[in-house]
Amino acid sequence: MSETARPQAVPTKLIDNERTIVTEWHFAEGAETGWHRHEHDYVVLPMDDGALQLESSDGTHKSELKKGQPYYKQAGVEHNVINASGKEFSFIEVEYR
């Protein structure tokens, strides 16, 4: 979990209430979220086709995403998400409290 010179992804909270947190994430080419742990179950909905490099304690792997095809993860995921698309990329993240 080292510091990098990558640009930071930009989160914009769209909804934050007692039941859900909805965040739009914008990534410049090569941008990252930084290491974080998900405290809630969540769904990610890609706004475009693209690829993410996911760094975790289990290593690094690349995930290809398709516009409009969501995926679900349970709370407890700890990782750094890097835009490996070669272009700007964004997704909507919905967390369930």
Asks: Describe, in one word, how the ring planes of F91 and F27 are oriented to each other, choosing from parallel (under 30°), tilted (30 to 60°) and perpendicular (over 60°).
Replies: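 Tilted.
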Asks: Using every non-hydrogen atom in the two residues, find where A9 and A31 come nearest and quote the distance to one decimal.
Replies: N-CB, 3.9 Å
Asks: Take V94 and L45, measure what side-chain contact (heavy atoms from CB on, under 4.5 Å) needs, and give me the verdict at the end.
Replies: CA-CA 8 Å; V94 180; L45 178 66; over 6 Å; no
Asks: With rounding to the nearest 0.5 angstrom, report the CD to OG1 distance, E93 to T20.
Replies: 11.5 Å
Asks: When you measure from the side chain of S63 to the backbone N and O of L52, does any donor-acceptor pair fall under 3.5 Å?
Replies: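 It does not hold such a pair.
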Asks: Is it true that E55 and R6 have a side-chain N and a carboxylate O under 4.0 angstrom from each other?
Replies: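 Looking at R6 together with E55, the answer is yes, because their closest N to O distance falls below 4.0 Å.
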Asks: Can you see which heavy atom on P7 is nearest to which on G30, and at what distance?
Replies: CD-O, 4.0 Å
Asks: Can you see which heavy atom on Q74 is nearest to which on Y42, and at what distance?
Replies: O-CE2, 4.4 Å
Asks: Hey, is NZ on K66 packed in by over 12 heavy atoms from elsewhere, all under 6.0 Å?
Replies: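 No - once you tally the heavy atoms of other residues, nucleotides and ligands closer than 6.0 Å, there are 12 at most.
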Asks: Between E32 and N80, is any side-chain donor less than 3.5 angstrom from a side-chain acceptor?
Replies: yes
Asks: Hey, does the side chain of D41 reach the backbone of Y96 with a donor-acceptor pair shorter than 3.5 angstrom?
Replies: no
Asks: Tell me if a side-chain donor or acceptor on H36 pairs with a main-chain N or O of H79 at a distance below 3.5 Å.
Replies: yes
Asks: For a quick test of reading the model, state the closest non-hydrogen atom pair linking R37 to G76 and the distance between them.
Replies: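 That closest heavy-atom pairing would be NH1-O, 3.3 Å.
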Asks: Counting N and O atoms only, with roles assigned by atom type, does the side chain of N83 sit under 3.5 Å from a partner on the main chain of A28, one being a donor and the other an acceptor?
Replies: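 Judged by distance alone, yes, a pair lies under 3.5 Å.
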Asks: Between E29 and K87, does any NZ, NE, NH1 or NH2 come within less than 4.0 Å of an OD or OE carboxylate oxygen?
Replies: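 No salt bridge links K87 with E29.
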Asks: So do the side chains of P46 and K67 get within less than 4.5 Å of each other, counting heavy atoms only?
Replies: no
Asks: For the ring pair H38 and H40, is the centre-to-centre distance below 6.0 Å?
Replies: no
Asks: Give the minimum heavy-atom separation between K62 and A51, together with the two atoms involved.
Replies: CE-CB, 3.5 Å
Asks: So how far is it from E78 CD to S56 OG, rounded to the nearest 0.5 Å?
Replies: 9.0 Å
Asks: Do D16 and E95 have side-chain heavy atoms sitting under 4.5 Å apart?
Replies: no
Asks: What's the separation between atom NE2 in H26 and atom CZ in F89, rounded to the nearest 0.5 Å?
Replies: 11.5 Å
Asks: Which value, rounded to the nearest 0.5 Å, describes the distance between E24 atom CD and L14 atom CG?
Replies: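 Output value for this atom pair is 5.5 Å.
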Asks: Do L65 and V81 belong together in a cluster built from hydrophobic side chains that touch within less than 4.5 Å?
Replies: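 Yes, because L65 and V81 connect within a single hydrophobic cluster, where side-chain heavy atoms sit under 4.5 Å apart.
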Asks: Is the backbone N or O of K13 less than 3.5 Å from a side-chain atom of T23, with the two atoms forming a donor-acceptor pair by type?
Replies: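 Between the backbone of K13 and the side chain of T23 there is no qualifying donor-acceptor contact (under 3.5 Å).
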Asks: Of all heavy-atom pairs between G50 and S85, which one has the smallest distance, and what is that distance?
Replies: CA-OG, 3.3 Å
Asks: Can you hop from L54 to Y72 via hydrophobic side chains spaced under 4.5 Å?
Replies: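 In one cluster: no.
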Asks: Check whether V44 and V77 end up in the same hydrophobic cluster, where Ile, Leu, Val, Met, Phe, Trp and Tyr are linked by side-chain heavy atoms less than 4.5 Å apart.
Replies: yes
Asks: Tell me whether I21 is reachable from I92 by hopping between hydrophobic residues (I, L, V, M, F, W, Y) whose side-chain heavy atoms are closer than 4.5 Å.
Replies: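 Not linked; separate clusters.
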